[in-house]
Structures are given as C-alpha cells and as structure tokens.
Amino acid sequence: IWDRAVEGDPNSRVVRKARERVTRLREADREIEGLRRDLQANPQNPEALAALLRLYMETGQPDAARAQLEEAGRVFGD
C-alpha cells in the first residue's frame, strides 16, 4: 500500500508521516510485549515499568497504562 501511495505522490509528506507512524506503532507493540514479559519475570523492575507506561501513552493506550499503574501499586505498595 505504501509503495503505491509513494508512487502516486513521491513527495507526499502526509504519506511519509503516516508510514513512519505505522512503523513506529509496530515497533512499540514489539517493545510493549518484551517489557510485559520482563515485568512478569521481575515485577519490581522500575525501569521496565516506566518504559512500558511511556509506550502505552505514546501509542494511545491510557487504559492499559492505568491498569499497569494499579498493578504497580499492588507490587510496589502504596
């Protein structure tokens, strides 16, 4: 799809930005899965938690971030 869009308008900033966004979302999904596995193995890893929350917000998943914060409250204590 992207190749055809670029062929239609090789200088299209909109197409280029959309492609970059989709690529970043795919990368973020892979990072999220890795961080979730890390937190399952070590629930008290603050670096993994912070990175996961950042990615949830970056990818527009505030409900997932909220649920993760609630879980962190249980793991780390209030």
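Closest approach of P62 to M57, counting heavy atoms only: CA-SD, 4.1 Å. Between L49 and A72, the closest heavy-atom pair is CD2-CB, 3.5 Å. Between N45 and F76 the shortest heavy-atom distance is N-CZ, 4.2 Å. When all heavy atoms of L55 and I32 are compared, the pair lying nearest together is CB-CG1, 3.8 Å. Smallest separation of non-hydrogen atoms from R21 and E58: NH2-O, 3.4 Å. In this structure, V75 and P43 approach most closely via the heavy-atom pair CG1-O, 3.4 Å.
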Test salt bridge (charged side-chain N to carboxylate O under 4.0 Å, His left out) on R26 and D29 and set out the steps. CA-CA 5 Å; R26 286 181 182 156; D29 282 344; over 6 Å; no
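At a threshold of 4.5 Å between non-hydrogen side-chain atoms, the residues E27 and R24 count as touching.
To the nearest 0.5 Å, atoms CZ (R37) and CG (N42) are separated by 15.0 Å. Atom CG of D63 is separated from atom CD of Q68 by 13.0 Å, given to the nearest 0.5 angstrom. Rounding to the nearest 0.5 Å places CG of L25 at 12.0 Å from CD of E20. Between L69 atom CG and R74 atom CZ the span is 11.0 Å, to the nearest 0.5 Å.
Remark: R36 CZ is loosely packed, at most 12 non-hydrogen atoms of other residues, nucleotides or ligands lying under 6.0 Å away.
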